[in-house]
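It should be emphasised that the depicted structure is a prediction, and the values quoted were computed from it without experimental measurement. All residue numbers in this chain count up from 1 along the given sequence.
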Amino acid sequence: MSRIFSGIQPTGNLHLGNYLGAVRNWVRLQHDYESIYCVVDLHAITVWQEPAELRRAIREVTAILIAAGIDPKKNIVFNQSQNPDHAQLAWIFNCVARLGWLNRMTQFKEKAGKDRENASVGLYSYPNLMAADILAYKATHVPVGEDQKQHLELARDIAQKFNNDFGVPGFFPLTEPLILGEATRVMSLRDGAKKMSKSDPSDYSRINLTDDADAIAQKIRKAKTDPEPLPSEPAGLEARPEAKNLVVIYAALADTTVAAVLREVGGQQFSAFKQRLADLCVEKLGPIAGEMNRLIADTAYLDAVLRDGAGRARALSRPILDEVMDIVGFVRA
Ligand code: AMP
Ligand code: TRP
């Protein structure tokens, strides 16, 4: 049977990249698969989080997921720390994964930066926890943006090594990434070489899912482009990363392809195209922000969703963890 798992960090500033690369695909997949969507608060604390802000962000992300169209009755929506099975399996995976594997992870290198000695140990072993998130449910498919591909390959390596070492072929599935849509890597609005990111110090680099219509329009108007008009074919965007990014965003929001967009707008100046893009962004994101603002006020409802989700998640993971404990040789007396 197929089972979907995916996670998102509650670290503020959910943006258009999170939406097009992940959340929108989750909304679409929920009808075809048994789906588990997790607010990964244990991953969030791999870098310092102010406790009050973390608490707020966990509820805000939950509200955004529901506002974007995820049905928490049909699916499981919960925060990671409420199911201890993730952390328990992650410890076992700390003992399966090899240092050499983690040393290759580019996200750690980016996030730790130059001051690597001062990064938390959690930031380093982050991908092992991510593998545990997925494999605690034996999830078969994981919808994510392109930046998570390397981590998912590591999850496969861990599954395979566990299965081999303990002589349990096929126990953990080799999970498939689902990297879907036109916009699997949305870039910064200020720099076409950098991905749109929650942690970019410039708010003008991203469109937040909480931005109002004015903020969206202003950010798109100020987005970096080049002086050339739009080309008529995708090849004409190749050496123009900022221009390409805006067209990709438009195509994804309009649910069409880059080629189809260019057939329509090829030859236009960017000023006119930016106006269309802003209107489309407001049309698609505005209702999500509105619903999110309504939900965020209802802490009792959001907490009830998370509590219910955590209970249902644990009911799925516990039997798998029990089996893992037996396989490893622990005594469950
Ligand atoms: P994070 O914000 O790191 O918790 O990421 C949550 C999800 O959003 C993951 O599936 C990421 O791959 C996806 N994502 C984050 N940034 C981008 C981006 N700039 N473009 C596309 N997908 C993204
Ligand atoms: N590392 C992912 C990110 O930053 C979030 C994440 C944690 C995740 N656990 C996961 C994604 C399990 C998919 C599956 O985007």
Side-chain angles (χ1 to χ4, degrees), residues 5-19 21-23 26 36-68 70 72 76-91 93-94 102 105-113 115-116 118-134 136-137 142-145 147-148 150-152 154-155 195-201 203 206 208-210 292 295-296 299 302-303 305-307 309-310 313-314 317:
F5 183 98
S6 198
I8 187 158
Q9 298 193 58
T11 41
N13 298 331
L14 247 72
H15 53 70
L16 187 61
N18 295 128
Y19 181 64
V23 176
W26 303 1
I36 306 168
Y37 298 123
C38 186
V39 180
V40 292
D41 47 11
L42 298 176
H43 278 108
I45 64 163
T46 56
V47 298
W48 171 252
Q49 304 295 328
E50 235 16 277
E53 171 53 23
L54 178 61
R55 224 172 339 259
R56 193 197 64 75
I58 292 167
R59 293 185 176 121
E60 182 179 276
V61 172
T62 308
I64 289 178
L65 296 183
I66 298 169
I70 289 172
I76 295 179
V77 176
F78 74 110
N79 56 319
Q80 192 184 24
S81 60
Q82 287 208 85
N83 181 358
D85 291 343
H86 295 236
Q88 190 174 14
L89 187 58
W91 177 259
F93 287 171
N94 280 342
L102 289 176
M105 295 294 118
T106 54
Q107 184 172 298
F108 174 76
K109 290 179 198 166
E110 278 162 26
K111 285 201 180 176
D115 194 9
R116 205 176 286 190
N118 201 30
S120 76
V121 176
L123 188 66
Y124 186 71
S125 65
Y126 175 117
N128 296 345
L129 176 60
M130 181 163 161
D133 296 339
I134 298 163
Y137 305 93
V142 180
V144 283
D147 60 338
Q148 295 303 311
Q150 195 185 35
H151 286 157
L152 290 178
L154 187 90
K195 73 172 180 181
M196 188 177 284
S197 142
K198 290 169 176 167
S199 55
D200 193 310
D203 203 48
R206 66 182 158 259
N208 300 311
L209 297 182
T210 50
M292 198 283 293
L295 288 170
I296 195 79
T299 309
L302 296 172
D303 288 5
V305 165
L306 294 173
R307 193 179 322 114
R314 191 137 204 239
S317 62

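With respect to Lys195 and Asp200, no salt bridge is recorded, no charged nitrogen being found less than 4.0 Å from a carboxylate O.
Counting only distance, with no hydrogens or angles, the side chain of His86 and the backbone of Ala136 share no donor-acceptor pair below 3.5 Å. Counting only distance, with no hydrogens or angles, the side chain of Asn79 and the backbone of Ser81 share no donor-acceptor pair below 3.5 Å. Looking at Tyr37, its side chain does come within 3.5 Å of a backbone N or O of Trp26 through a donor-acceptor pair. A distance-only check finds no donor-acceptor pair linking the side chain of Thr46 to the backbone of Gly122 [under 3.5 Å].
Residues Met292 and Glu60 meet the side-chain proximity criterion, which asks for heavy atoms closer than 4.5 Å. Between Met130 and Leu152 there is a side-chain heavy-atom pair separated by less than 4.5 Å. Ile45 places none of its side-chain heavy atoms less than 4.5 Å from the side chain of Asp41. Inter-residue side-chain proximity for Pro72 and Ile66 is flagged as met; some heavy-atom pair is nearer than 4.5 Å. Leu123 is listed as a side-chain neighbour of Val47, based on a closest heavy-atom distance under 4.5 Å. Residues Pro10 and Arg59 have side chains not in contact (no heavy-atom distance under 4.5 Å, counting atoms from C-beta outward). Contact check for Leu102 versus Leu154: side-chain heavy atoms found under the 4.5 Å cut-off. Under the 4.5 Å side-chain criterion, counting only non-hydrogen atoms from C-beta, Gln107 is in contact with Tyr126.
Relative orientation of the Tyr124 and Phe108 rings is perpendicular, given thresholds of 30° and 60° on the angle between their planes.
In this structure, Ile76 and Gly309 approach most closely via the heavy-atom pair CG2-O, 3.3 Å. Residues Ser317 and Tyr137 approach most closely at CB-CE2, 3.8 Å, considering heavy atoms. Smallest separation of non-hydrogen atoms from Ala44 and Gln9: CA-OE1, 3.6 Å. Closest of all the heavy-atom pairs between Ser6 and Val144 is OG-CG1, 3.9 Å. Here the closest heavy-atom approach between residue Tyr19 and residue Leu209 is recorded as CB-CD2, 3.9 Å. Shown here for Ala67 and Leu295, the closest heavy-atom pair between the two residues is N-CD1, 3.9 Å.
Here Ile8 contributes atom CD1 and His43 contributes atom NE2; the two are 13.0 Å apart, rounded to the nearest 0.5 Å. With values rounded to the nearest 0.5 angstrom, Gln49 atom CD is found 6.0 Å from Thr11 atom OG1. For the atom pair CG of Leu302 and OG1 of Thr62, the computed distance is 6.0 Å after rounding to the nearest 0.5 Å. Here CE of Met105 is found 12.5 Å from OG of Ser125. Values are rounded to the nearest 0.5 Å. Here the CG-NZ distance, from Leu14 to Lys198, works out to 5.0 Å after rounding to the nearest 0.5 Å. In this structure, CD1 in Ile134 is found 10.0 Å from CG in Leu129, a value given to the nearest 0.5 Å.
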Item checked: Evaluation steps, side-chain hydrogen bond (donor to acceptor under 3.5 Å, both in side chains), between Gln80 and Asp133 -> CA-CA 8 Å; Gln80 192 184 24; Asp133 296 339; 2.9 Å; yes

